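Reviewing the structure listed below.
What you see is a predicted model; the values in this text were computed from it and never measured. Within every chain, numbering begins at 1; the chains are lettered A, B, ... in the order of the sequence lines, protein sequences first and strands thereafter.
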2 protein chains.
Amino acid sequence: MNVINDVGILALSTRLQRLSEQLRKDGALIYEAFGIDFEPKWFPVIFTLHQKGTLSVVEIANEIGYTHPSTISLLKEVEKIGLIKSKKDKSDERKRLILLSPRGQELVNKMQPVWQLIAQVLGEISDNTNNLLKAIDEAEDKIAQQSFLQRALQQKNTTAL
Amino acid sequence: MNVINDVGILALSTRLQRLSEQLRKDGALIYEAFGIDFEPKWFPVIFTLHQKGTLSVVEIANEIGYTHPSTISLLKEVEKIGLIKSKKDKSDERKRLILLSPRGQELVNKMQPVWQLIAQVLGEISDNTNNLLKAIDEAEDKIAQQSFLQRALQQKNTTAL
DNA sequence: CAAAACTACGTAGTTAACTACATATATCCA
DNA sequence: TGGATATATGTAGTTAACTACGTAGTTTTG
């Protein structure tokens with residue numbers, strides 16, 4: 001992976017993706033090592049429900065930053081293994097309200113110390129001269145002010161490329 | 001995206017992935033805005049060939065940090081639109097040697113100023129109190145010393161969870 | 001020097017996200 | 001108050017990575 005590390009900023013997206021995938025893969029192995037039947041990709045959904053209680057499909061999607069179809073398929077998985085349950089919202093028949101099942105709650109409790117350990121180790125990995133998590137926050141803030149595309153188009157015009 | 005931003009480090013992988021995707025999407029739009037028929041995902045392959053000249057499939061895969069099947073499918077795409085060509089290695093009949101076609105070379109030349117602009121804008125976005133690219137480098141260094149999994153297992157044993 | 005092991009490439013199938021579209025219900029306003 | 005618009009959910013198909021496996025050529029070694 002020489003070239004891609006060397007071009008630096010140009011391959012930023014590739015680098016981000018690679019690191020993300022690596023962490024997720026090891027994450028799966030960590031749950032396994034603790035004898036917990038849980039996949040890292042379920043974390044956003046389960047943790048959000050743990051924090052917020054009962055939410056609709058779209059509310060969950062917004063919380064976790066995924067599209068609603070992706071969220072639906074995640075919900076299907078975790079519903080299939082019994083971590084959540086769902087019911088129609090009686091005041092709005094379009095909505096399906098999702099919440100943790102007792103088994104889901106139980107699993108969350110069991111995972112708490114593991115999450116704590118994971119958080120500690122991830123903290124260790126990402127806290128360096130430049131803190132990775134803070135760097136993400138800061139970059140996302142910048143993009144929120146003006147997107148990557150907008151910035152590029154502005155440059156294009158000012159430099160008359 | 002409240003909850004996932006709030007849990008901080010626990011959702012690191014998700015955050016990395018989200019940012020990566022966002023950059024890639026805007027990247028595609030930038031090439032389009034410059035009238036260049038090029039997809040961000042081709043960048044690692046094309047740039048590597050630009051830098052290194054002629055390489056085999058597996059060599060490219062190693063350079064860009066992808067598996068060789070993924071690399072093959074990328075190569076198929078860029079070969080289809082004529083940016084690269086390939087030939088059998090005569091000293092090792094198993095190998096297929098890949099290099100930029102004249103048209104690929106030409107496109108690279110045309111893209112140089114755009115890459116420069118992209119690099120500048122990405123630099124702007126990622127250079128904050130915590131520099132994102134450096135933070136990635138530092139985190140990957142740490143992982144190279146001892147993986148996320150190994151660190152977690154070590155913790156597990158010392159804390160007798 | 002032939003069998004075993006290894007390397008390079010390729011294909012098939014999987015996965016986890018996406019976009020586009022469809023349908024049902026709710027809300028708004030002329 | 002009913003027709004237009006908006007919202008919530010769901011389905012189908014796409015994409016871009018992956019793993020697993022197979023084949024062909026190369027190298028090593030008993």
Summary of protein contacts for nucleotides 16-21 of chain D, nucleotide by nucleotide, where a base hit scores B, a sugar-phosphate-only hit scores S (4.0 Å, heavy atoms): SSBBB-
Whole-Å distance separating the CG atom of A:Leu55 from the P atom of D:dT7: 18 Å
If you look only at distance, which donor and acceptor atoms sit under 3.5 Å apart when one is on a side chain in residues 99-106 of chain B and the other is two or more places apart or in another chain?
unit_1	atom_1	unit_2	atom_2	d
B:Ser101	OG	B:Gly82	O	2.6
B:Ser101	OG	B:Leu83	O	3.1
B:Ser101	OG	B:Arg103	N	3.4
B:Ser101	OG	B:Gly104	N	2.9
B:Arg103	NH1	B:Ile81	O	2.9
B:Arg103	NH2	B:Ile81	O	3.1

Test for a donor-acceptor pair under 3.5 Å between the base of D:dT7 and the side chain of A:Arg94, counting only N and O atoms. yes
Just jot down the side chain to side chain donor-acceptor pair (under 3.5 Å) partners of A:Lys134, sequence neighbours excluded, or say none. none
B:Gln112 meets the side chain to side chain donor-acceptor pair (under 3.5 Å) criterion, sequence neighbours left out, with B:His50
With sequence neighbours excluded, residues passing side chain to side chain donor-acceptor pair (under 3.5 Å) with B:Ser70: B:Thr67
Tell me whether the count of non-hydrogen atoms from other residues, nucleotides or ligands lying under 6.0 Å of NZ in B:Lys88 goes above 12. yes
Mind listing the residues from residues 79-90 of chain A sitting with a heavy atom below 4.0 Å of DNA chain D? Number order is fine. none
Once you round it to whole Å, what is the distance between C1' of D:dT9 and NZ of A:Lys95? 12 Å
Phosphate-side-chain proximity, B:Lys76 and C:dT11, N/O vs OP1/OP2 below 4.0 Å: yes
How would you list, by chain and number, every residue that makes a ring pair (Phe, Tyr, Trp, His ring centres under 6.0 Å) with A:His68, sequence neighbours excluded? none
Listed once per pair and sorted, the side chain to side chain donor-acceptor pair (under 3.5 Å) pairs that draw on residues 23-40 of chain A, sequence neighbours left out: A:Tyr31-A:Trp115
Taking only residues two or more places apart in sequence or in another chain, which ones pass side chain to side chain donor-acceptor pair (under 3.5 Å) with B:Ser126? none
Side-chain atoms of B:Glu93 come closest, of D:dT26, D:dT9, C:dA26, to D:dT26
Atom-to-atom span, CG of B:Leu75 to P of C:dT11 - whole angstrom: 12 Å
